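Nothing here was measured: the structure is a model prediction, and the numbers come from that model.
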Amino acid sequence: MLTIYNTLIKQKAPFISIKPGKVGLYVCGMTVYDYCHVGHARVMVVFDVVVRYLRSIGYQVTYVRNITDIDDKIIQRAKENGESIEQLTARFIQAMHEDTELLGVLRPDYEPRATEFLPKIIEMVQQLLDNGYAYLANNGDVCYTVSRFNGYGNLSGKRLEELRAGERVEVNEAKQDPLDFVLWKAAKPKEPSWESPWGPGRPGWHIECSAMSTTCLGNHFDIHGGGMDLQFPHHENEIAQSEGATGESFVNVWMHNGFVRINEEKMSKSLGNFFTVREVLKQYPPEVMRYFILTSHYRSSLNYSEQNLETAQQALTRLYTALRGLPQTDQVGADDSFQHRFNLAMEDDFNTPEALAVLFELAREINKIRVPDVFTAAILGNELRQLGDILGLLQTVPEVFLQQGHHQDQVGLAPMEIETLIVQRQAARARKDWSEADRIRLSLKTQGILLEDGDQGTTWRKE
RNA sequence: GGCUGAGUGGCAGAAUGGCUAUGCAGCGGCCUGCAAAGCCGUGGAUGUCGGUUCGAUUCCGGCCUCAGCCUCCA
């Protein structure tokens, strides 16, 4: 039985989908004005694993991950760059697709963009006005009346009085209550705008997600996900808007992933301490980054460091080493104890560190049995690949992974040259010229190439 | 200030009211021409002070420390 931690009730609970066998999942994607950083990568990878796992246990998942392509930051960045908003967002959407593809993140079933949903957004704002949850402020904005919505603060565990007591609530004279938030912003000169019953303007920050999610998945759907920082106010406001407009319950399960940290501090745009995905991928294979993300539970924080990526590389090397040189087979083993334990880990709120531990035990079993019984080892290898696939790992040809090396931009010897040296060294070994054999091995090692003499001859890999 | 979460071996990171996580690193052995990889074995941990209990790292309470949210942020 799959259990998922639900932020709404602050505990794990058995997952029961609204429609049997089907899951509607919406994840807040990116605001596209810059490259993906490691924090974005974490959201993408974590929910990719959620989708893969749900599908692996038989659910038909409709996965929606939006793109926010209109907001203050985008407008500002486009202005700074002297390019149009369309050019800017197109560029970063393209970049995001490149990054996620490298990371092995499957495309969502729908990838709606805010600017494609203006009619729906306007309709929802009108519904909120009609239902008495919103008002037209004297500056032309349409604002949400937070105090009218029962249960505001349930998701983030905040109470209205506490929020009011906070010193950091923005002051805006047009709002009846400082906590009210903007649904529709009246256009300022030279800003992009759309026609609406309240004059030209553009959507507020939260409404686009309400519009996109309910359109793609219906007014009431199963799971909504995103980073912890979206819990408040973004998701809190989404609930207020959606339920206020539709009159229906919005989402059953809210999932929030933890942050990526650097030196015990949140990685974020505003702190400027972020690494972009493409920066990191210059140094490490994408699968290493993916593995690194999955080494901690999705709700925990994940500390970004070179050392942790190194360790990830080594760990993945161990798994690929077990897979290396196994004969091809389609056979499935009779013993499914590894599979069972893997599933126990995953159904416990997607416990990927525990699931990875099972993978290593499987690898040990393969290494143990491969000499006496290579056939059984091959079957176990299949299982390892299959389980790895649920995590989006281990789908590379082992030789390719092991020989691609550490740093992608590193120029080294061509494989042909390495093979030639290996042949020369074999000859030296055959005539017991150990010093020559060791010289070749050492000279390759200084170039990051490790030679390993095995039963089947000498193989090489990069350090 | 309010609220939330966390503190596990050298590092990373799970789990658990009593029994071996796992990976990397260390140590010993096997294997190897020597290595590497692999296998076997091994050392080493639960912030702190109390409480509950036959027994707590695990449950409860205080304290300390850290992070996050309360403002744009995945």
(message) Ring of A:Y33, cation from A:K269 - is the NZ or CZ under 6.0 Å from the centre and inside 45° of the axis?
(response) yes

(message) Can you give me the dot-bracket string for RNA chain B, 5' to 3', counting Watson-Crick and G-U wobble pairs with both distances under 3.5 Å, using [ ] for crossing pairs and | for partners on another strand?
(response) (((((((..(((.....[...))).(((((.......)))))....(((((..]....))))))))))))....

(request) Using the P atom on both, measure B:G28 against B:G62 and round to a whole Å. (result) 48 Å

(message) Let's see if you get this right: which residues in residues 346-359 of chain A place a heavy atom under 4.0 Å from RNA chain B?
(response) A:N351, A:P353, A:E354, A:A357

(message) Using the side chain to side chain contact (heavy atoms under 4.5 Å, CB included) definition, which of the options A:D99, A:T276, A:L103 pairs with A:C36?
(response) A:D99

(message) For the C1' atoms, the ones on B:G51 and on B:G43, what distance do you get once it is rounded to whole angstrom?
(response) 34 Å

(request) Would you mind classifying the nucleic acid contact of A:E361 as base, sugar-phosphate or nothing, using non-hydrogen atoms under 4.0 angstrom? (result) sugar-phosphate

(message) Could you tell me how far B:U22 sits from B:G18 if I compare only their C1' atoms? Round to whole Å.
(response) 22 Å

(request) Please measure how far the C1' atom in B:A25 lies from the corresponding atom in B:A12, and state the result in whole Å. (result) 11 Å

(request) Would you give a per-nucleotide map of nucleotides 34-44 of chain B, 5' to 3', where B means the base has a protein non-hydrogen atom under 4.0 Å away, S means only the sugar-phosphate does, and - means neither? (result) BBBSSSS----

(request) Identify the heavy atoms of A:R299 and A:H256 that sit nearest to each other, and give their distance. (result) CG-O, 3.5 Å

(request) Could you give the distance separating B:C19 and B:A45 at their P atoms, to the nearest angstrom? (result) 14 Å

(request) Give a yes/no verdict on base stacking between B:G33 and A:W434: centres under 5.5 Å, planes within less than 30° of parallel. (result) yes

(request) Nearest-nucleotide wise, let me know which of A:R261 and A:Y298 is further upstream toward the 5' end of RNA chain B. (result) A:Y298

(request) Using side chain to side chain contact (heavy atoms under 4.5 Å, CB included) as the criterion, point out the one residue from A:T3, A:N6, A:V23 that pairs with A:F15. (result) A:V23

(message) Tell me whether the NZ or CZ atom of A:K12 lies within the 45° cone about the ring axis of A:Y5 and under 6.0 Å from its centre.
(response) no

(request) Nearest whole angstrom, please: distance from the P of B:A14 to the CZ of A:F342. (result) 16 Å

